[in-house]
Visitor: 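Before I ask anything, here is the structure I am working with.
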Amino acid sequence: MKRTLTVLALALGLSSAAPAAAADPIKIGLLAPLTGSWASEGQEMKRNVELQTAEANARGGLLGRPVELVVEDDGGDPRTASLAAQRLTTSGVVAVIGTYGSAVTEATQNILDEAGVIQVANGSTAVRLTEKGLQHFFRTCPRDDEQGRVGASLIQKVKASRVALLHDNSAYSKGLADEIDALLKARNVNVVFFDALTPKEQDYSAILTKLKAAGPDVVFFTGYYPEAGLLLKQKRQMGWTVPFLGGDAINNPDLVKIAGKEAAQGFRFLSPPIPSDLDTPEARAYVAAYQKKYGEAPSSIYGVLAGDGFRVIARAIEATKSVKADALRDYLVGGLKDFPGYTGKISFNAKGDRVGELYRVYQVDAEGRFQLQP
Amino acid sequence: MQFFEQLVNGLAVGSIYALIALGYTMVYGVLKLINFAHGDLFTYGAYLGMTLLASLALQDRLGVGLGLLLLALMVMGLVAVIGVVLERVAYRPVRNSPRLSAVVSALGASVFLQNALMLIYGARYQVFPDLLPQTALDIFGLHVPLLRIAVVLISVAMMAVLVLFVQRTRLGAAIRATAIDPSAAQLMGIDVNRVIRLVFVIGPALGGAAGLLVGLTYGQISFTMGWIYGMKAFTAAILGGIGNIPGAMVGGLLLGVVEALGAAYLSVAWKDAIAFLVLILILIVRPSGLLGERVADKV
Amino acid sequence: MSRRLGTGYAAAAAVLLVIPLVAGPYWVDVLNNIGLYALLALSLNVILGDAGLFNMGHAAFYAVGAYTTAILNTRLGVPVLWTLPVAAVISAAFATAVARPVVHLRGDYLLVVTIGMGEIVRIALVNNVFGLTGGANGIFGIARPVLLGHRIRRPEEFYYLIWGFVAVTVLLFHRLARSRFGRALAYLREDEVAAEGSGVPTARYRLLAFAVGAAWAGMAGTLYAAKMTIISPESFGFWESVVLFLIVILGGSGSIPGVVAAAALVVGLPEVFRGFASARMLVFGAVMVVMMIFRPQGLFPSRLPRFRPADLTAAAPEERPAGAAEGAP
């Protein structure tokens with residue numbers, strides 16, 4: 001017993017005698033779905049932000065202090081996320097990057113806002129997140145109304161007169177479908193079908209048959225890539241050739257694996273540019289650095305958007321020489337203009353939304369690759 | 001026209017429900033237990049099939065037909081083994097405990113199996129290699145994929161074999177006897193443990209075969225697919241009369257058709273709710289099912 | 001309740017009272033979650049533990065209460081705490097309506113029907129039934145509760161609200177167990193035929209059990225809605241019902257302290273073992289099987305109430321104090 005006490009005392013003594021760290025670190029939080037249905041997005045977010053943190057520290061940190069990244073898992077679920085957000089607020093972070101999934105982010109907004117922590121979301125596109133008047137919330141990703149506009153334009157570009165809208169009843173998917181529906185109606189385009197499928201099922205022949213019976217010229221599916229893949233595959237099995245269009249949740253290489261190359265060919269969808277299409281020299285250098293560190297290129301744009309979130313926070317801290325939320329906020333809204341993010345130029349409006357158009361059209365070619373359309 | 005197309009869709013999905021329902025109904029008939037883990041055995045069939053398909057490449061060595069047949073037998077065998085182990089570990093110890101213990105144990109086994117699969121394979125969707133021909137028949141203006149017809153035929157064939165087995169063989173008689181009254185069967189010299197093991201070989205094997213079929217047909221599998229298929233299959237079993245083997249087949253096909261037509265004429269978003277509603281209605285109006293249940297009255 | 005149990009409760013209450021003063025907001029929030037689950041589990045305990053009805057759709061009642069509060073508050077501006085009784089009544093009414101046609105079913109079948117019912121409720125919520133539930137988005141902007149002019153906002157404040165509610169519930173349910181209704185429930189759980197034969201109106205009491213359980217779950221829903229300020233169908237799925245079911249079984253169905261303890265374990269332990277997230281569920285499943293094999297009666301099994309002579313003489317005049325006078329606990 002006495003021995004243990006002495007050892008303990010020594011250890012305590014030694015640790016306190018250790019030279020005081022040059023300065024205490026600036027803590028930045030990352031809220032990401034490391035487990036759960038979107039684990040692959042969460043893992044990429046973590047990789048991107050960790051790379052950014054390492055690069056920042058290699059440059060001497062922020063304001064001469066090292067940057068410490070505090071990572072919390074939100075599990076892709078609102079309740080886990082709110083607990084994770086609570087933990088972040090007690091760990092002393094000055095800002096939080098995250099997260100993916102509008103419903104999940106929404107559960108954390110109030111907690112972080114009430115604690116006075118800046119939040120920069122990277123993968124939450126629901127419009128209402130920035131319509132609540134929250135002063136500390138920003139996002140580097142675009143909003144669903146922008147996607148809706150681009151979607152409606154695409155539909156008009158293919159000269160469709162009878163449009164079918166299909167969603168999967170999730171917050172994101174239905175929201176996007178509603179946006180497109182409203183825009184099409186305003187332009188007097190006939191929406192002949194508006195319904196939802198149940199995600200995570202296998203057999204969509206019933207709904208495809210029903211869709212076919214409605215006789216549309218084009219079908220816009222606003223759901224996620226697993227269901228999209230199955231739809232394309234089964235549609236081909238049915239011998240139905242009406243073109244399908246998709247939203248950005250379709251953007252995942254597994255789409256072609258699931259649908260098969262023949263079924264996926266010619267399919268078009270909307271998306272912010274995928275990492276391999278980012279064309280500025282800095283972006284290309286970044287992708288190369290990522291590849292070097294992790295052995296593969298980043299596959300999800302949302303991960304890179306998380307990385308850009310870190311960079312705008314870092315820039316705000318350095319520009320204001322402060323870690324106070326209000327100072328950072330004022331800078332992000334007023335001072336940050338056309339910041340050269342890897343995903344493009346970043347500026348924020350007063351609501352916290354990213355200014356500028358990010359959505360592009362992609363088409364799947366015969367080899368199953370995603371080709372950016374002009 | 002849409003009506004007939006949906007009818008075909010419904011039959012195809014329904015035959016999968018029927019195959020899985022057979023496992024539920026047999027186990028319930030003999031043990032009076034809802035094997036919540038049965039849906040997961042179905043999932044295991046799909047995953048094991050995928051792994052064996054990729055690693056052994058039997059279809060390349062023996063040709064598609066023979067290769068797939070051998071694959072099916074292997075998958076069924078493996079899932080049957082898992083089924084037997086499941087019975088031994090999670091169900092036999094609670095056989096004489098109150099019902100509630102068996103239910104919880106079954107749920108626990110289901111959670112365990114599902115998560116074991118997730119840990120081994122990862123949480124993402126897995127894809128089956130595209131093997132089967134995508135040809136279709138055009139009859140009476142309906143465009144019917146051959147694969148769908150094949151699924152229905154295979155399911156019906158398997159069920160026919162099972163019915164013959166249960167009705168015409170001695171082992172089958174033993175199963176029926178145990179279902180009616182386990183103690184009396186034991187007194188008549190039937191090894192009840194062996195019968196139960198047999199049931200846990202046949203049921204899971206069929207479930208595993210269904211999983212393989214689903215993987216081959218739809219190409220995409222996930223570790224949670226057992227839950228919804230399991231629930232619907234259980235509904236089908238009750239619809240036809242729990243414990244009643246032909247009932248499981250009728251129930252499965254009927255449920256598939258009702259679902260497809262409900263989706264077509266009501267709303268697709270409520271498709272699953274329709275299936276559950278059918279379950280509840282049947283239990284209120286005619287709990288013994290369409291063809292009558294075959295279980296002993298155990299209070 | 002026995003004196004030992006009473007002392008146990010007093011000790012626990014003393015500890016719980018001071019925790020917010022020493023623990024940070026994160027752990028207080030974990031305890032808030034435990035408190036809510038304890039409330040829910042206690043409500044399910046009336047149905048599953050006391051009455052012995054296999055209910056695996058309990059999350060539906062929870063959802064009805066939460067959504068009632070959310071809709072009344074966001075659309076009609078009704079203050080949150082005033083919606084408590086409304087949520088209770090509507091949940092109870094819903095439960096009665098839904099359980100009425102099925103309450104006579106045998107164990108396993110009732111189980112499956114309740115699963116189906118739970119799923120139907122969830123699908124209805126997702127599909128924005130009656131245009132009220134907000135679909136998959138759910139409902140947001142629920143106001144904070146205001147108690148005696150004070151707005152309850154921080155985890156510590158919710159802590160006292162929730163655990164105060166738990167304390168009241170525990171006391172009430174102990175009274176309930178000893179009441180005529182409680183005893184009747186225990187009777188019909190143990191032997192339905194005999195109970196019916198003794199004149200206990202089993203069908204009516206079963207429905208009543210459902211109603212009481214649902215009412216309490218509804219109120220827990222109100223507290224949950226006020227705490228999260230946004231609710232969505234994801235929080236009320238099948239898995240929630242399973243977890244509640246398990247908490248009641250693991251705690252020892254019918255046992256009030258057991259259920260509360262089990263809630264603490266089931267909700268609290270995963271927070272302690274956050275590092276092993278994926279293996280966690282695996283262990284959970286294995287534990288379920290093992291518990292049923294080795295200790296099916298749960299952690300703190302309930303014991304049948306012992307009657308003291310005082311209970312009998314305090315009863316209606318026609319009951320005689322002869323017999324059944326077991327020793328004082």
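Just so we're clear, the structure is a prediction, and the values are computed from it rather than from any experiment.
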Visitor: Under 4.5 Å between any side-chain heavy atoms of S91(C) and T68(C), yes or no?
Guide: no
Visitor: Salt-bridge test for R92(B) and E87(B): reply yes if a basic N is under 4.0 Å from a carboxylate O, no otherwise.
Guide: yes
Visitor: Can you tell me which of F245(C), F294(C), F284(C), F54(C) forms the most heavy-atom pairs within a distance under 4.5 Å of chain B?
Guide: F54(C)
Visitor: What part of V112(C) is in contact with chain B, defined as an atom under 4.5 angstrom from a non-hydrogen atom: side chain, backbone, both or neither?
Guide: both
Visitor: Is chain B contacted by the side chain of F238(C), its backbone, both, or neither, given a heavy-atom distance below 4.5 Å?
Guide: side chain
Visitor: Please check if any side-chain donor atom of Y187(C) sits under 3.5 Å from a side-chain acceptor atom of E196(C), or the reverse.
Guide: no
Visitor: Which atoms of L110(C) come close to chain B, meaning under 4.5 Å heavy atom to heavy atom: side chain ones, backbone ones, both, or neither?
Guide: neither
Visitor: Identify whether the distance between the nearest side-chain nitrogen and carboxylate oxygen of E259(B) and K232(B) falls below 4.0 Å.
Guide: yes
Visitor: Kindly indicate whether the side chain of F210(C), heavy atoms from C-beta on, has any atom under 4.5 Å from the side chain of L53(C).
Guide: yes
Visitor: Please examine the side chains of F276(B) and M231(B), heavy atoms only from C-beta on, and report whether any two atoms are closer than 4.5 Å.
Guide: yes
Visitor: At a 4.5 Å cut-off on heavy atoms, which part of L279(B) comes close to chain C: side chain, backbone, both, or neither?
Guide: side chain
Visitor: Counting heavy-atom pairs closer than 4.5 Å to chain B, which one of L48(C), L250(C), N127(C), V283(C) comes out on top?
Guide: N127(C)
Visitor: S105(B) and Y91(B): side-chain donor and acceptor closer than 3.5 Å?
Guide: no
Visitor: Is there a side-chain contact between Y67(C) and P233(C) (heavy atoms, below 4.5 Å)?
Guide: yes
Visitor: Pick from V94(B), L283(B), I274(B): which one has the most heavy-atom pairs with chain C under 4.5 Å?
Guide: L283(B)
Visitor: Can you tell me which portion of W270(B) sits under 4.5 Å from chain C's heavy atoms? Options are side chain, backbone, both or neither.
Guide: both
Visitor: Based on non-hydrogen pairs under 4.5 Å, which of P287(B), A102(B), G108(B) is most in contact with chain C?
Guide: G108(B)
Visitor: At a 4.5 Å cut-off on heavy atoms, which part of V104(B) comes close to chain C: side chain, backbone, both, or neither?
Guide: both
Visitor: Counting heavy-atom pairs under 4.5 Å to chain C, which of I284(B), V111(B), L100(B) comes out on top?
Guide: L100(B)
Visitor: Given heavy-atom pairs under 4.5 angstrom as the criterion, report whether the side chain, backbone, both or neither of I293(C) touches chain B.
Guide: both
Visitor: Side chain, backbone, both or neither: which part of M291(C) has a heavy atom under 4.5 Å from chain B?
Guide: neither
Visitor: What part of I238(B) gets closer than 4.5 Å to chain C, counting heavy atoms only: side chain, backbone, both or neither?
Guide: side chain
Visitor: Kindly indicate whether the side chain of R122(C), heavy atoms from C-beta on, has any atom under 4.5 Å from the side chain of V126(C).
Guide: yes
